[in-house]
Amino acid sequence: MPELPEVETIVRGLDKRVTGDTIDSVWIGSRRQPLKSPAAEIASTLEGRKIVRVHRAGKHIVFDLEGAMSGRRKTRQAASLRRQAQWIVHLGMTGRMVVCEPAAETAKHTHLIARLASARELRFVDPRMFGKLSVHSSGFDPGGVEPLEVGEEQFRALFRGRKTPIKSALLNQKLLRGVGNIYADESLFRAGIRPRRRAASLTRDDLRRLYRSVREVLKEAIALGGSSISDYVDADGEEGFFQLQHRVYGREGEPCLVCRTAVKRAVLVGRSSHYCPQCQK
DNA sequence: ATACCGACCTGTCAGC
DNA sequence: TGCTGACAGGTCGGTA
């Protein structure tokens, strides 16, 4: 489901709503698929922790959890034993984070409920279970560079000498993190580059346009709260509006908005790729 | 290194 | 109405 702009939107909402709150207790469902760390480890890491900040690393949601207990004096041991930690949530295709009242009906496919000191709950819901929950001691690093932070030269270097299709390279989270299928297609369209072009065959000028397109698309999408295709909503339950700005994604057979040629769809790396055969070379 | 495929899951929708 | 197959925002691991 969510790529960088959707995760960024969700994270901003969560940071506003749950930062400063404390996780009193945690319920974890019986399905093992969504858990990347053992359930007991997740529970023991989260329980009793204050959320200091919610931010994003690629498509991952990162909850920074306070280290040594502050405020009320717990036993000296407990305070000294607890190092700062991070709770990492990857939403996969269909994952959602829901902030709600405890009385709210539990949605089907709810895998984790964190009960907050503010008498609200933070829930992880994921029908397809491609999402992943894990905990880290600190310094979580998914690899790759942030597209909105990388400079043009470093961006160009990511693709140097790679024979893989440029679309595959854009989707490779170890290179650039956060770009998924929608934004790869939209960026390539704006840059006038076909998805199948070998990364190494791109000229300096191609890469300059691609660099600008990727950033432009991501920024515009963030400004519109992401793309809601079927079920994506942010932390406040609001839909995004960038799907209305898609120029090729999901527009197979429809006229290109620039030249009126029918938009094509081809399968690449097992994913749908949408492009204009006229505008993209 | 690369590239192609299936696997991991559930839900929805089009077509018959 | 119901069945079947294709498809869906993502990643991982195996194989050539």
Side-chain angles (χ1 to χ4, degrees), chain A residues 1-11 29-37 56-61 88-97 107-111 124-134 140 142-144 147 157-188 195-201 214 217-218 220-222 224-235 238-253 265-274:
Chain A
M1 175 216 286
E3 306 180 31
L4 187 152
E6 291 77 34
V7 178
E8 179 64 28
T9 305
I10 290 165
V11 152
S30 55
R31 307 299 296 266
R32 222 184 306 165
Q33 176 82 8
L35 308 182
K36 224 170 142 187
S37 306
R56 180 186 63 73
K59 297 174 191 170
H60 302 265
I61 300 172
I88 312 298
V89 178
H90 192 295
L91 297 172
M93 294 276 255
T94 51
R96 280 184 295 140
M97 295 298 292
K108 200 175 170 186
H109 309 297
T110 297
H111 305 298
F124 173 68
V125 182
D126 184 11
R128 283 180 78 180
M129 292 188 279
F130 289 172
K132 289 280 178 259
L133 304 176
S134 62
F140 170 74
L158 294 176
F159 306 105
R160 200 162 292 151
R162 296 196 177 264
K163 292 182 207 146
T164 191
I166 184 61
K167 167 99 185 253
S168 306
L170 286 174
L171 294 178
N172 183 346
Q173 303 295 300
K174 293 299 172 203
L175 298 177
L176 208 56
R177 65 194 199 200
V179 175
N181 208 33
I182 293 177
Y183 299 104
D185 281 2
E186 292 297 316
S187 301
L188 288 167
R196 272 191 206 281
R197 278 274 299 282
R198 306 278 136 186
S201 79
V214 167
V217 164
L218 294 176
E220 286 179 22
I222 290 171
L224 292 181
S227 302
S228 290
I229 306 275
S230 59
D231 53 5
Y232 160 74
V233 288
D234 69 16
E238 301 290 332
E239 294 188 350
F241 295 97
F242 191 72
Q243 67 280 7
L244 305 173
Q245 305 297 321
H246 292 175
R247 300 184 190 173
V248 285
Y249 186 86
R251 296 193 64 244
E252 182 187 9
R265 186 178 82 92
V267 175
L268 202 135
V269 214
R271 321 287 308 273
S272 287
S273 291
H274 311 76

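In what follows, chains are A, B, ... by sequence order, proteins preceding strands, each numbered from 1. For the numbers below, each heavy atom of this structure counts, side chains included, while hydrogens, waters and symmetry mates do not. All values derive from a computational prediction rather than experimental measurement.
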### Query
From the list B:dC9, C:dG10, B:dT2, which nucleotide is the closest neighbour of the side chain of A:K59?
C:dG10

#### Entry: Proximal nucleotide (of B:dA3, C:dT11, B:dG11) relative to the A:R271 side chain
C:dT11

### Query
What's the OH-C1' distance between A:Y249 and C:dA8, to the nearest Å?
7 Å

### Query
Would a line drawn from the ring center of A:Y183 to the ring center of A:F242 be shorter than 6.0 Å?
yes

### A:T164, nearest nucleotide to its side chain (from B:dT2, C:dC7, C:dT11)
B:dT2

### Message
I need the CD-C1' distance between A:Q245 and C:dG9, as an integer number of Å.
### Response
18 Å

### Message
Is there a side-chain contact between A:I61 and A:L91 in this structure, where contact means two heavy atoms from C-beta onward sitting under 4.5 Å apart?
### Response
yes

#### Entry: Proximal nucleotide (of C:dG9, B:dA3, B:dG11) relative to the A:P127 side chain
B:dG11

### Message
Once you apply a heavy-atom cut-off of 4.0 Å, does A:F242 come out as touching a base, just sugar-phosphate, or nothing?
### Response
nothing

### Query
Separation of A:K174 atom NZ from C:dT11 atom C1', in whole Å?
10 Å

### Query
Could a donor-acceptor pair under 3.5 angstrom be found where the side chain of A:R128 meets the base of C:dA8?
yes

### Any side-chain donor near an acceptor of the partner, A:H274 and A:D185, under 3.5 Å
yes

### Message
Strictly by Watson-Crick or wobble contacts shorter than 3.5 Å, is anything paired with B:dC5, and which nucleotide is it?
### Response
C:dG13

### Message
Just the rounded figure in Å: distance from P of B:dG11 to CE of A:M129.
### Response
9 Å

### Minimum-distance nucleotide (side-chain atoms of A:E3 versus B:dT2, C:dG9, C:dC7)
C:dG9

### Query
When you measure from the side chain of A:S227, which nucleotide among C:dG10, C:dG9, B:dA3 comes out closest?
C:dG9

### Message
Main chain of A:G225, side chain of A:E6: is a donor-acceptor contact present, judged purely on distance under 3.5 Å?
### Response
no

### Query
Counting side-chain heavy atoms from CB outward, which of C:dG9, B:dT2, B:dC9 is closest to A:Y232?
C:dG9

### Query
With a non-hydrogen cut-off below 4.0 angstrom, is A:G270 in contact with a base, only sugar-phosphate, or nothing?
nothing

### Query
Would you say C:dC7 has OP1 or OP2 under 4.0 Å from some side-chain N or O of A:R265?
yes

### Task
Take the angle between the ring planes of A:H111 and A:H109 and call it parallel below 30°, perpendicular above 60°, tilted in between.
tilted

### Message
Less than 4.0 angstrom between a side-chain N/O of A:K132 and OP1 or OP2 of C:dG10, yes or no?
### Response
no

### Query
A:L171 CG to B:dT2 P: how many Å, rounded?
15 Å

### Query
The side chain of A:Q33 lies closest to which of these nucleotides: C:dC7, B:dC8, C:dG9?
B:dC8

### Query
Going by ring centres under 5.5 Å and near-parallel planes (under 30°), is A:F130 stacked on C:dT11?
no

### Task
For B:dC9 versus C:dC3, give the span between their P atoms, rounded off to a whole number of Å.
24 Å

### Query
Starting at NE2 of A:H274 and ending at P of C:dC7, how long is that distance when rounded to a whole Å?
10 Å

### Message
If only side-chain N and O atoms count, and only distance matters, is there a donor-acceptor pair under 3.5 Å linking A:T94 with A:R128?
### Response
no

### Message
Looking at A:R198, I want to see if its CZ is surrounded by more than 12 non-hydrogen atoms of other residues, nucleotides or ligands under 6.0 Å.
### Response
yes

#### Entry: Nucleotide nearest A:H109 (side chain, heavy atoms from C-beta), chosen from C:dA8, B:dA3, B:dT10
B:dT10

### Query
Considering only side-chain heavy atoms of A:S272, which listed nucleotide, C:dG9, C:dA8, B:dT10, is closest?
C:dA8

### Query
Rounded to the nearest Å, what distance is computed from the CZ atom of residue A:R198 to the P atom of nucleotide B:dA1?
17 Å

#### Entry: d(CZ, A:R196; C1', B:dA3) in whole Å
11 Å

### Query
Distance between the C1' atoms of C:dA8 and B:dA3, in whole angstroms?
23 Å

### Message
For C:dG10 and A:Q173 - does any side-chain N or O of the residue sit under 4.0 Å from the phosphate oxygens OP1/OP2?
### Response
no

### Message
By the 4.0 Å heavy-atom rule, please label A:R32 as base, sugar-phosphate, or nothing.
### Response
nothing

### Query
When you compare C:dT1 with B:dT10, how far apart are their P atoms, in angstrom units rounded to a whole number?
25 Å

